[in-house]
Amino acid sequence: MTKIKALFTDIGGVLLTNGWDTASRNKAVEKYGLQSEKDEIFERHHLSFDTYELGKTSLDEYLDKTFFFKSREFSKKEFKEFMFEQSKPFDDMLEMVSRLKQKYSLKTAVVSNEGKELNTYRIKKFGLGLFIDAFISSSYVHLRKPDMDIFKMALDIMHCPPNEVVYIDDRMLFVEIASKAGINAIHHTDYQSTLKILSEFNLNL
């Protein structure tokens with residue numbers, strides 16, 4: 001077996017909870033009493049969020065299109081604070097990646113679909129830069145999974161042949177795309193199963 005020299009991972013669903021998923025938007029609708037507008041808000045989200053994740057609009061512009069297309073009794077600043085508060089860590093996974101990097105001198109990179117402001121907040125809040133070498137985030141590179149080019153870019157940036165990389169993602173489609181790029185991809189469902197699969201690549205804690 002080729003020695004693994006790099007570990008790539010997603011953020012949402014692996015290291016942290018998702019940044020702004022359906023559950024979070026439902027909480028926002030309930031918190032701010034927007035139940036009567038939910039369908040319209042969600043439709044506006046689906047039409048505009050990809051553009052935000054690709055870095056072509058700002059968070060303020062995304063919110064103007066989705067929640068603030070009319071006057072509100074709550075401020076955009078308050079709403080953004082609520083958005084950021086939805087991010088929670090998976091401490092066991094954070095520790096896993098950090099320890100594996102240290103033990104095996106692995107190169108580490110994140111390959112994620114995240115808007116710039118959310119991505120920046122999450123990196124700083126949870127100290128991801130302490131053990132992640134590079135962030136190939138959709139809002140900075142203007143590519144978005146499942147586009148295979150974002151994985152090719154990650155390989156180029158990290159100077160790694162795909163067979164020397166393990167990639168962890170909780171979404172099967174993205175695992176399949178990474179695999180087609182030649183990367184050893186793991187479908188993450190829980191800490192223990194991912195740890196077991198990593199051991200098959202001689203990455204043990």
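Residue numbers run from 1 in the order of the sequence given.
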Under 3.5 Å side-chain donor-acceptor pair for H188 and T194
yes
Polar side chain donor-acceptor pair, K38 to N26, under 3.5 angstrom:
yes
Give a yes or no on whether a salt bridge exists between [X] and [Y], defined as a side-chain N under 4.0 angstrom from a carboxylate O.
X	Y	value
R44	E40	yes
K180	E176	no
D169	K145	yes
E37	K70	yes
E164	K3	no

Option from L143, D147, V111 for which side chain to side chain contact (heavy atoms under 4.5 Å, CB included) with M153 holds
L143
Of the non-hydrogen atoms in [X] and [Y], which two are nearest, and what is the gap between them?
X	Y	value
V166	I4	CG2-CD1, 3.7 Å
S87	T17	CA-OG1, 3.5 Å
D170	G12	OD1-O, 3.2 Å
D60	K80	OD1-NZ, 2.9 Å
S179	A185	OG-CB, 3.5 Å

Would you say that [X] contacts [Y] through its side chain, given a criterion of any heavy-atom pair below 4.5 Å between the two side chains?
X	Y	value
K27	S24	no
R144	D50	yes
L195	L205	yes
K65	L47	no
S58	K116	no
D133	K101	yes

Can we call the ring centroids of Y191 and F90 under 6.0 Å apart?
no
Restricting to side-chain contact (heavy atoms from CB on, under 4.5 Å), what partner residues turn up for I123, sequence neighbours left out?
N119, L128, F135
Given a cutoff of under 4.5 Å between side-chain heavy atoms of I, L, V, M, F, W and Y, with clusters grown through shared members, what are the other residues clustered with L63?
W20, V29, Y32, L34, I41, F42, F49, Y52, L59, Y62, F67, F68, F69, F74, F79, F82, M83, F84, L118, Y121
So if you build clusters from Ile, Leu, Val, Met, Phe, Trp, Tyr with side-chain heavy-atom gaps below 4.5 Å, do [X] and [Y] land together?
X	Y	result
I157	M148	yes
F8	L106	no
Y167	L15	no
L16	V110	yes

Under 3.5 Å donor-acceptor, [X] side chain and [Y] backbone:
X	Y	result
S137	E114	no
T108	F131	yes
S75	E78	yes

Should we say atom [atom1] of [X] is surrounded by more than 12 heavy atoms from elsewhere, each under 6.0 Å from it?
X	atom1	answer
K5	NZ	no
Q102	CD	no
K76	NZ	yes

